[in-house]
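One is the number of the first residue; the rest follow in order along the sequence. One-based numbering, in listed order, for ligands and for the atoms of each.
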Amino acid sequence: MNILGIESSCDDTCAAVVRDGRVLVSNCIASSAAEQNLYGGVVPEIASRRHIEHISQVARAALNEAGLPLDGIDAVAVTYAPGLIGALLVGLNFAKGLAFAAKKPLVPVHHLRGHIAALYLTHPALEPPFLCLVASGGHSHIVQVQDYTHFKVLGRTVDDAAGEAFDKVARTLGLGYPGGPAVSKAAESGDPHAYALPTPHVEGAYNVSFSGLKTAVLNLVNRARMQGQEICVPDMAASFQYRITEILAEKLLAAARDTRAQQICLAGGVAANGLLRETLSAGAKKLGAALYLPARSLCGDNAAMVAAQGYYEYKAGHTAGLSLNGLATLSIEEG
Ligand code: KG4
Ligand code: ZN
């Protein structure tokens, strides 16, 4: 079964074809990230406009690369929640039009379920149940993936998402947007123990909090500037990356230990982070659990992950009519 996936929840306009939820056939992306960098972060209105300009070409490219006519696909899967509402609506309305014109089923996909499905494209033998940390620009969840369409959130951020913290620290350090890759790059030549950054206290065994950590970086930078000193950017980037990684890894591994998870996974944009991947590899080995990481190329937003999850949603009977609406927020459990 060939599924055309469409994704436009943030600043990437994406279309892809995936076969039977597991085989990546084509994967096309037009990103407005470089333009968003001029403004230090995502401007929702700019994201929506660029989606409108790019969506038809990107979808056509995905079909062309797959060597398929529109009639060669069996369903259209689309991210309908959560995300920037104006951005989501562009992909959603495009997908509706395409499904209607081609007389194919329309399959709604929750964005975070999509991120998790990137793992199925990377690891053909991976099957639920598993425990997964989904860390992106908008969410940080520790999720029990019970089966392909049933999820239980064990922990979440009580304030900023992990990716958002990377982006804000990058802005404070003058490193540009998106912040994750920039902080990670700067950290390569830094000392992770140069600055002692706090581990914020948070209620709930598997919840995380990053707003205090971000503020600690901001305060250190401001204090140094007021005293006429310069902060060492690589050292601060490395110290921040070290601390946030420790927090995420500790909570995920505690949840894995307590639930006796045999399989631990990582997903979302932050899953591309090298230190987080290494730290979790070592931690999972100690627990005796298998660790599955998504291919780096599939960590950030893409439509292959949407098409992959779309396959399992379709098999579970989750299709929608043309009245389907986009939602800015929606729990992964309900999605
Ligand atoms: O999943 P994603 O592409 O979009 C959302 O759904 O939000 O995640 C984007 C987030 C951004 O905050 C970006 O800074 C972060 O993922 N990110 C990283 C890395 N690459 C992207 N964070 C840490 N290290 C990275 N290498
Ligand atoms: Zn995402």
- Message: Can you tell me how far apart CD1 (Ile116) and NE2 (His110) are? Round to the nearest 0.5 Å.
- Response: 9.0 Å

- Item | Distance (rounded to the nearest 0.5 Å) between Ser8 OG and Leu89 CG | 8.0 Å

Can you tell whether the side chains of [X] and [Y] come within less than 4.0 Å, N to carboxylate O?
X	Y	result
Arg243	Glu246	no
Glu45	Arg49	yes
Lys168	Asp160	yes
Glu164	Lys214	no

Does any N or O atom in [X] lie less than 3.5 angstrom from one in ligand 1, N or O only?
X	answer
Gly180	yes
Gly269	yes
Phe166	no

Identify, by atom number and element, the atoms of ligand 1 in contact range of [X], meaning under 4.0 Å from any of its heavy atoms.
X	result
Gly300	3 (O)
Gly138	7 (O)
Gly137	5 (C), 7 (O), 8 (O), 9 (C), 10 (C), 12 (O)
Asp167	11 (C), 12 (O), 13 (C), 14 (O)

- Note on the structure: Restricting to heavy atoms, the pick from Asp301, Leu276, Asn273 nearest atom 24 (N) of ligand 1 would be Asn273

- Query: So is Pro181 close enough to ligand 1, meaning a heavy atom under 4.0 angstrom away?
  - Reply: yes

- Does even one non-hydrogen atom of His111 get within less than 4.0 Å of ligand 1? yes

- Ring centroid separation Tyr39 to Tyr177 under 6.0 Å: no

- Is the distance between the ring centroids of Tyr312 and Tyr120 under 6.0 Å? yes

- Item | Heteroatom test (N, O or S) for His115 near the Zn ion (ligand 2), limit 2.8 Å | yes

- Verify the distance test for His111 against the Zn ion (ligand 2): any N/O/S atom under 2.8 Å, yes or no. yes

- Looking only at N, O or S atoms, find the one in Asp301 nearest to the Zn ion (ligand 2) and name it. OD1

- Which atom pair, heavy atoms only, marks the closest approach of Leu24 to Leu121? N-CD2, 4.1 Å

